[in-house]
Amino acid sequence: MKAFYKNNNGLIESSVWTPNCWINVECPTEEEKKYLLEELKVPEEFYNDIEDIDERPRIEVENGWTLIILRIPINTNDVKLPFNTIPVGLVFKEDLCVTISFHKTEMLSDFVLYTRRKNSDIKDYFDLVLKLLLSSSVWYLKYLKQVNQKIKLAEENLEKSIKNEELQALLQIEKCLVFFVTSLKGNDILLHKLKNLKVQRESFDPDLLEDVEIELRQAQEMTNIYSDILTGTMDAYASVISNNMNTIMKQMTSISIILMIPTVIASLYGMNVPNNLEENNYGMLILIFVSVLLSTFGVFLFKKKRWF
């Protein structure tokens with residue numbers, strides 16, 4: 001999907017391209033790919049880099065074109081991996097600015113609505129990059145709240161019964177947090193590179209730059225906190241499972257020892273040697289009585305010693 005946006009107390013959608021407007025392309029079709037590569041002359045190497053789902057945040061300049069890649073969070077609606085991060089590329093040159101994303105996102109559409117509510121115009125391309133970084137940090141925090149709710153739900157289910165499904169849910173959340181941590185670190189490195197650009201250093205809005213740093217740092221800290229909490233929870237439940245397994249094994253061992261008593265008696269009686277009971281009409285009943293008596297005594301002894 002392709003859309004054109006121009007400044008008018010916020011980003012207003014336009015039907016045609018005008019100089020210095022923002023072109024946003026999400027999930028490009030073959031026709032839109034031709035438009036980007038053939039009409040706008042976007043370098044194909046930049047296009048392919050953005051398409052790579054594992055591309056890290058960075059800035060690159062080539063033949064007058066500038067490529068900036070940042071990673072933003074998305075809600076995948078996938079049970080196995082509910083949250084993930086994707087690369088979004090900003091490609092600009094002179095009066096042309098394009099953002100390319102190969103996945104549908106909530107953040108970009110929300111960013112447009114936010115600029116309208118705040119009557120906020122985009123001064124230049126680097127101002128757009130900073131505001132997108134700020135918006136992405138806010139969305140990281142939003143998704144982290146949802147991650148926290150999923151952690152609480154999984155913990156409640158684990159308190160009722162420890163099953164593989166609940167443990168797998170925690171593992172899936174842990175994977176989401178790993179992706180968040182890695183992407184936020186990459187965005188933080190990208191921000192420091194932008195701050196050190198000599199050409200643009202004087203034009204950056206200091207208040208905007210401070211807001212980006214604060215939100216990005218907060219998102220990193222919250223992600224690390226949730227990751228540490230989840231790791232501690234996983235370790236705690238692993239210990240609980242191990243203790244439960246030890247208790248069960250102790251009980252099974254005790255039961256096997258008790259059941260061994262009648263087996264030993266029956267084995268001794270079954271030997272082909274004189275035992276003074278072979279001619280006794282009550283020999284079988286005597287053996288059964290002795291086996292039951294010794295087994296009962298064994299159960300009483302184990303319970304008294306609290307081995308059960």
Side-chain angles (χ1 to χ4, degrees), residues 3-14 18-26 50 56-61 65-74 85-101 105-145 180-181 183-224:
F4 305 103
Y5 297 98
K6 59 182 180 180
N7 283 321
N8 187 7
N9 292 326
L11 292 171
I12 305 299
E13 190 169 355
S14 174
T18 57
N20 297 314
C21 79
W22 170 33
I23 307 173
N24 182 37
V25 181
E26 288 185 316
I50 301 169
R56 307 266 42 95
R58 60 190 175 87
I59 181 170
E60 182 178 341
V61 179
W65 289 91
T66 301
L67 168 67
I68 297 178
I69 296 179
L70 58 127
R71 294 193 70 90
I72 66 172
I74 60 169
T85 63
I86 60 167
V88 172
L90 292 92
V91 185
F92 49 88
K93 179 182 181 181
E94 298 174 355
D95 60 352
L96 182 65
C97 177
V98 185
T99 57
I100 305 172
S101 170
T105 68
E106 297 178 86
M107 191 202 89
L108 294 175
S109 57
D110 178 75
F111 173 71
V112 173
L113 295 176
Y114 175 80
T115 60
R116 295 175 188 172
R117 290 196 303 268
K118 297 296 184 178
N119 296 324
S120 174
D121 286 336
I122 306 299
K123 295 192 304 181
D124 53 35
Y125 305 143
F126 287 95
D127 187 60
L128 175 62
V129 174
L130 291 178
K131 288 181 177 177
L132 287 176
L133 275 172
L134 177 61
S135 180
S136 69
S137 299
V138 172
W139 275 93
Y140 274 111
L141 292 171
K142 287 183 180 180
Y143 287 142
L144 282 171
K145 291 180 180 178
F180 276 21
V181 168
S183 299
L184 285 166
K185 284 182 179 178
N187 285 352
D188 187 46
I189 294 172
L190 174 64
L191 177 61
H192 281 83
K193 288 182 178 179
L194 290 173
K195 288 171 59 179
N196 293 328
L197 289 176
K198 295 181 180 180
V199 178
Q200 298 293 329
R201 188 180 301 173
E202 301 297 330
S203 63
F204 286 147
D205 182 353
D207 293 334
L208 174 60
L209 200 58
E210 183 181 5
D211 290 341
V212 175
E213 289 178 332
I214 292 173
E215 293 295 332
L216 188 56
R217 190 180 307 114
Q218 183 179 357
Q220 287 180 292
E221 290 175 354
M222 292 301 297
T223 305
N224 290 329

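Annotation for Tyr114: atom OH does not count as buried by contact number, only 12 or fewer foreign heavy atoms lying within 6.0 Å.
Across all non-hydrogen atoms, the minimal contact from Leu11 to Val112 is O-CG1, 3.7 Å. The two residues Pro57 and Ser183 come nearest to each other via the heavy atoms CG-O, 4.3 Å.
Counting only heavy atoms from C-beta outward, the side chains of Leu209 and Leu191 approach each other to under 4.5 Å. In this structure the side chain of Asn24 reaches within 4.5 angstrom of the side chain of Tyr5, judged on heavy atoms. With contacts defined as side-chain heavy-atom distances shorter than 4.5 Å, the pair Leu208/Val212 qualifies. The side-chain heavy atoms of Ser101 and Ile86, taken from C-beta on, include a pair separated by under 4.5 Å. Arg116 places a side-chain heavy atom less than 4.5 Å from the side chain of Leu113.
A salt bridge does not link Lys142 with Glu106: none of the charged nitrogens is closer than 4.0 Å to a carboxylate oxygen.
Atom-to-atom distance recorded for Phe92:CZ and Ile23:CD1 is 13.5 Å, nearest 0.5 angstrom. The CD1 atom of Ile68 lies 4.0 Å from the CD1 atom of Ile59; values are rounded to the nearest 0.5 Å. The line from CZ of Arg217 to CD of Gln220 is 8.5 Å long, rounded to the nearest 0.5 Å. The distance from the CG atom of Leu144 to the CD atom of Gln218 is 9.5 Å, given to the nearest 0.5 Å. Interatomic distance, Leu194 CG to Ile189 CD1, rounded to the nearest 0.5 Å: 12.0 Å. Separating the CD1 atom in Ile12 from the NZ atom in Lys6 is a distance of 9.0 Å, to the nearest 0.5 Å.
By the side-chain hydrogen bond (donor to acceptor under 3.5 Å, both in side chains) test, Asp211 is found to be paired with no residue, residues two or more places apart in sequence or in another chain being considered.
With hydrogens and angles disregarded, no donor-acceptor distance shorter than 3.5 Å links the side chain of Asp188 to the backbone of Leu184. Looking at Tyr125, its side chain never comes within 3.5 Å of a backbone N or O of Val91 through a donor-acceptor pair.
Classified by interplanar angle (parallel below 30°, tilted 30° to 60°, perpendicular above 60°), the ring pair Phe111/Trp22 is perpendicular.
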Donor-acceptor contacts, no H, no angles, side chain residues 126-140, under 3.5 Å, sequence neighbours left out:
{"unit_1": "Asp127", "atom_1": "OD2", "unit_2": "Lys123", "atom_2": "N", "d": "3.2"}
{"unit_1": "Asp127", "atom_1": "OD2", "unit_2": "Lys131", "atom_2": "NZ", "d": "3.2"}
{"unit_1": "Lys131", "atom_1": "NZ", "unit_2": "Ser120", "atom_2": "OG", "d": "2.9"}
{"unit_1": "Lys131", "atom_1": "NZ", "unit_2": "Asp121", "atom_2": "O", "d": "2.8"}
{"unit_1": "Ser136", "atom_1": "OG", "unit_2": "Leu132", "atom_2": "O", "d": "3.4"}
{"unit_1": "Ser136", "atom_1": "OG", "unit_2": "Leu133", "atom_2": "O", "d": "2.7"}
{"unit_1": "Ser137", "atom_1": "OG", "unit_2": "Leu133", "atom_2": "O", "d": "3.0"}
{"unit_1": "Trp139", "atom_1": "NE1", "unit_2": "Asp110", "atom_2": "OD2", "d": "3.3"}
{"unit_1": "Tyr140", "atom_1": "OH", "unit_2": "Arg71", "atom_2": "O", "d": "3.1"}

